[in-house]
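The structure appears below as C-alpha cells.
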Amino acid sequence: MISVDAYRETVTELLGRAPVTTLPLADAAGLVLAEDVLAGVSLPPFDNSAMDGYAVRSADVAAVPVTLPVADDIPAGRVDVRPLEPGTAQRIMTGAPIPPGADAVVMVEDTDRGTEQVLISTAATAGDHVRRTGEDVTQGTVALYAGTVLGHSQLGLASAVGLAELKVYRPLSVLVVSTGTELVEAPKPLRHGQIYESNSVMLAAALRELGCRVAVVRSVVDDVEEFRKIIEPKLADADLLVTSGGVSAGAYEVVKDALTGQGVQFRKVAIQPGGPQGCGRWNGVPVVTLPGNPVSVLVSFEAFLRPALLSAMGHTVLDRRRVRARLTEAMTSPGGRRQFRRGYYTPTEGQVTGVVGPRGGPGSHLLAAFTQANCLIVLPEEVTEAAEGSEVDVLLL
Ligand code: AMP
Ligand code: MG
C-alpha cells in the first residue's frame, strides 16, 4: 500500500504545470494570473468628485452662509471641463472631473440645490469630497501580482486599469468517463439490477468549480474493447482522463483490464474510502482512475485530484481549510489507513476548537449523508478509536 501523501505527490507530478495562455477577462474567473499586471492608468485616473454637489474654492466658502453664482454643470463623463473662476461654483456629480482651480466639493445636502446660484450653508476645507488621482493605484506600478487567483475584485481591478485580456495558467481540459454495465442515464426507467449514473455529474461539477473545462462520456459498459474503442479517439482533446469504476479486485474491472500494461499503474492507497486507485499515461495523456462508489469518488477527488489540479493550474493554496474540533460521538477507524468521514462542523463562539459529528457511517455508497456534511473528519493511520470529546482534524468543504 502507498500512503495518502505519497500518492497525492504522484498524481501532482503526473499533472505537472499547465501552459500559460491569454484569455479575455470574462473567461479568466477562478484562474491564476501567470505574470504581474502593471497599471496602464492611475486609479482614479483624474481628480474627481466623491459626491453630488458643487465644486468650489474652499476660500470662497470659509464663511457661511454664502451665495455663489453657478457657472457650469459637470455631469460624470464630461471631458471639456472649464476652470473655476474665483467667487463662483460649478454643479458637479459623483465621478465627474474636478475643474481646475476648485479644491473642494460641497455636497448637495449642504445647499439649496440652486442651478442659477446656490446658497451654501456649510463651510468646506481644501480636499473635502475630492478623490485624488492615483489614490487607489499609481500608473506603472504592479496592480496584480503573478500567482493571484482571479476572483471578482481582481477581475474588477484588471478592468479598471484598462485590460481586456490576462495571461493565466490554462484551464485543464478533463475527459470524465463513468464505467459500469449497470449504469443508466435518467430519465430512462431502471430495470432490476441497474442504477442511475451519478459519478460523472459530480466529477464534472467539482472539476468546473476549479476552473477546468470538462467533457463527459456518461457511461461505458464493462467491456475492454468497447472502452478502448470509445475513449481512445477522445484522448487527443484532453489534458487529463478521469475514470470512475472498474479498478478494484473483482472480475469485469474494465478500466484496470484496458489500461494495465498501457502506462497506467494500479495500486492500493492507504485511504478509506477509495483504496483502489490508478494513474499514469495512456497514449501520453495523463490518466487518473478512481473507484466507482460515489463517496470514494468524492473523497479521492478531495485527497488527490483537487490538490493536483490546483497545483497544475498555478494555485499555491492546495488544501482545504483545516480546523480542530471535538467529536460529539465516538468513532472507529481501520488501522493503517487514513479515514475520511463525512461530518458536520459547528464553530464554538470565542474558541479555536469547534465541534464535529459524523454524518452517516463509513460506507462508500452513502451519498445522501455526504450532501448533509460540511466537512471531512480526518482519522489518521495510527487511530483505530476516537473517543467522544477527543480532538480531531477537520477539512472544511
Ligand atoms: P466498481 O468500482 O466499478 O466496482 O463500482 C463500485 C460501486 O460503485 C458499484 O456498486 C457500482 O454500481 C457503483 N458505481 C460505479 N460507477 C458508478 C456511477 N458512475 N454512478 C453511480 N454508481 C456507480
Ligand atoms: Mg463497475
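Note that ligands are numbered from 1 as they come in the structure, with each ligand's atoms numbered from 1 the same way.
Using a 30° and 60° split on the angle between ring planes, Trp282 and Phe227 fall in the parallel class, below 30°.
In this structure Glu232 satisfies the side-chain hydrogen bond (donor to acceptor under 3.5 Å, both in side chains) test together with Asn283, sequence neighbours excluded.
For atom 7 (C) of ligand 1, the closest non-hydrogen atom on the protein side is Asn293 OD1, 3.4 Å. The shortest contact between atom 17 (C) of ligand 1 and any protein heavy atom is with Asn199 ND2, 3.1 Å. Of the protein's non-hydrogen atoms, the one nearest atom 14 (N) of ligand 1 is Gly292 O, 3.3 Å. The closest protein non-hydrogen atom to atom 4 (O) of ligand 1 is Ser248 OG, 3.9 Å.
Residue contacts with ligand 1, taken as heavy atom pairs separated by less than 4.0 Å, involve Glu182 solely via side-chain atoms from C-beta onward. Of all the heavy atoms of Ser178, the ones lying under 4.0 Å from any atom of ligand 1 belong exclusively to the side chain. Only the backbone of Thr179 comes within 4.0 Å of ligand 1, counting heavy atoms alone; no side-chain atom from C-beta on gets that close.
Residue-ligand proximity: Val297 is placed with every non-hydrogen atom at 4.0 Å or more from ligand 1. Not close to ligand 1: Ser200, with no non-hydrogen atom less than 4.0 angstrom away. Look at Gly180 and you'll find every heavy atom at least 4.0 Å from all atoms of ligand 1.
The N/O atoms of Gly246, backbone and side chain alike, include one that comes under 3.5 Å of an N/O atom in ligand 1. Of the N or O atoms in Leu183, none lie within a sub-3.5 Å distance of an N or O in ligand 1. Residue contacts with ligand 1: Glu197 is placed with a nitrogen or oxygen under 3.5 Å of a nitrogen or oxygen of the ligand (distance criterion only).
For the pair Thr181 (side chain) and Asp222 (backbone), a donor-acceptor distance under 3.5 Å is present. Side-chain atoms of Ser244 never come within 3.5 Å of backbone atoms of Ser178 as a donor-acceptor pair (strictly under, hydrogens ignored).
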Show me, pair by pair, the donor-acceptor contacts under 3.5 angstrom made by side chains of residues 343-363, not counting sequence neighbours?
{"residue": "Thr348", "atom": "OG1", "partner": "Thr353", "partner atom": "O", "Å": "3.3"}

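Tracing side-chain contacts under 4.5 Å through hydrophobic residues (I, L, V, M, F, W, Y), one reaches Leu14 starting from Leu290; they form part of the same cluster.
In Tyr252, the OH atom is not crowded: 12 or fewer heavy atoms of neighbouring residues, nucleotides or ligands sit closer than 6.0 Å. More than 12 heavy atoms of other shown residues, nucleotides or ligands fall within 6.0 angstrom of atom CD in Glu382. Within 6.0 Å of atom CZ in Arg17, more than 12 heavy atoms from other residues, nucleotides or ligands are found, so the atom counts as buried in its surroundings.
Between the choices Ser296, Ser198, Ala249, the shortest heavy-atom distance to atom 21 (C) of ligand 1 belongs to Ser198.
Between the side chains of Gln154 and Thr148, no donor N or O sits under 3.5 Å from an acceptor N or O.
Close contacts of ligand 1 with Ile195, meaning ligand atoms under 4.0 Å from a residue heavy atom, involve 12 (O), 21 (C), 22 (N), 23 (C).
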